[in-house]
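We number each residue from 1, following the sequence as shown. Bear in mind that the values here come from a model prediction, so they are computed numbers and not experimental data.
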Amino acid sequence: MTRPPKRHGKRHGKRHGKRLRKPVFRAAVTLTTGVALFLVGGCATLHGVKAPHDAREAAEESGARQSGGDSPDCTVVKCVALTFDGGPSEPTPKLLDILKEKKVHATFFLQGKGHTDTYPDTVLRMAGEGHEIANHTWSHKVLTELSAEEIEAEMKPVQDDVRRITGRAPVLMRPPQGRTSDDVSAVMKKLGLAQVLWSVTAKDYATTDTALITRRVLDQTRRDGIILLHDRYKGTVPAVPGIIDSLRRRGYTIVTVSQLLAPASPEPGTIYRP
């Protein structure tokens, strides 16, 4: 799951490998402003941050074109990406039923331990029904508190699980709690992964109130936004049909993250943030 960041005291115990340097940045979530990157230490700037609109514009300027077919053109239509963190879990098949009925494709940022290793058939179904599968680490450790070797150990098992199940490894990831840094980005570049943050959160890990979850999503959604939900929590899946219907009434086309970025392709190491 992805929760708003909290300050932690010093961690004790032996670390393996070279410690990552500071400064560290984190995604701070509020119900009114979505995601913002705040400096936790030092005065440096986080590099390689792009908004979806800017990524599309740069790709078009370089000559890239939409692939055509049934994929929506987010340079023309009003798009928003729907994403789910922390699965697959027991409620996920019900969510997949809803998305299939509504003809919506989403991006799923999957965890490993207790998830991809426990529900491989659900992962296979996601891929078979056209959803985008991404990486949310093996055990949801805060990556900015780990060495480069420890970060790789959080990412690679999920890459391997998804590749083994679906035949393709993810190209997107979401750092737990939205916490990232230039050093985390360097590891993601090495692993071929782009980072994806968000602009809309219902804080569904803290409530089972489906109406509240729906209202929070609708109040925050803007064009080119990225919605963060968690299919594992009791109030979330029942909220999804109403969220989809309401967004469509407001003129939104619901897409995956990669569709939101097109004609740009996700760049390893880059941080995409609305």
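- If you check the side chains of Gln195 and Ser185, you find a donor sitting under 3.5 Å from an acceptor.
- Residues Asp73 and Thr75 bring a donor and an acceptor atom of their side chains to less than 3.5 Å of each other.
- A donor-acceptor contact shorter than 3.5 Å is absent between the side chain of Asp219 and the backbone of Arg216.
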- Query: For Arg56 and Glu60, what are the C-alpha separation, side-chain angles and deciding distance, and is it a salt bridge (Lys or Arg N to Asp or Glu O under 4.0 Å)?
  - Reply: CA-CA 6 Å; Arg56 292 197 306 263; Glu60 288 186 314; over 6 Å; no
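- By the criterion of side-chain heavy atoms lying less than 4.5 angstrom apart, applied directly or through intervening Ile, Leu, Val, Met, Phe, Trp or Tyr residues, Leu261 is grouped together with Val171 in one hydrophobic cluster.
- In this structure, a donor-acceptor pair under 3.5 Å is present between the side chains of Arg249 and Ser246.
- A side-chain donor-acceptor contact under 3.5 Å links His47 and Asp182.
- By the neighbour-count criterion of 12 heavy atoms within 6.0 Å, atom NZ of Lys102 is densely surrounded, having more than that number from other residues, nucleotides or ligands.
- Proximity of a side-chain donor or acceptor of Arg223 to a complementary backbone N or O of Val77 within less than 3.5 Å is detected.
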- Item | Stepwise side chain to side chain contact (heavy atoms under 4.5 Å, CB included) test for Arg232 and Gln111 | CA-CA 11 Å; Arg232 64 200 291 185; Gln111 280 181 234; 3.4 Å; yes
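- The number of heavy atoms from other shown groups lying within 6.0 Å of CD (Glu90) does not exceed 12.
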- Query: Does the side-chain hydrogen bond (donor to acceptor under 3.5 Å, both in side chains) test come out yes or no for Asp209 and Thr207, once each step is laid out?
  - Reply: CA-CA 5 Å; Asp209 187 334; Thr207 181; 5.1 Å; no
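- Considering Thr83, Thr201, Asp204, Thr236 in turn, Asp204 is the only one that fulfils the side chain to side chain donor-acceptor pair (under 3.5 Å) rule with His230.
- Ser139 approaches Glu154 most closely through the heavy-atom pair OG-OE2, 2.6 Å.
- Put simply, the side chain of Glu101 never gets that close to the backbone of Ile98: no donor and acceptor are under 3.5 Å apart.
- Within the structure, salt bridge (Lys or Arg N to Asp or Glu O under 4.0 Å) contacts touching residues 257-270 (residues at least two apart or in different chains) are Lys50-Glu267.
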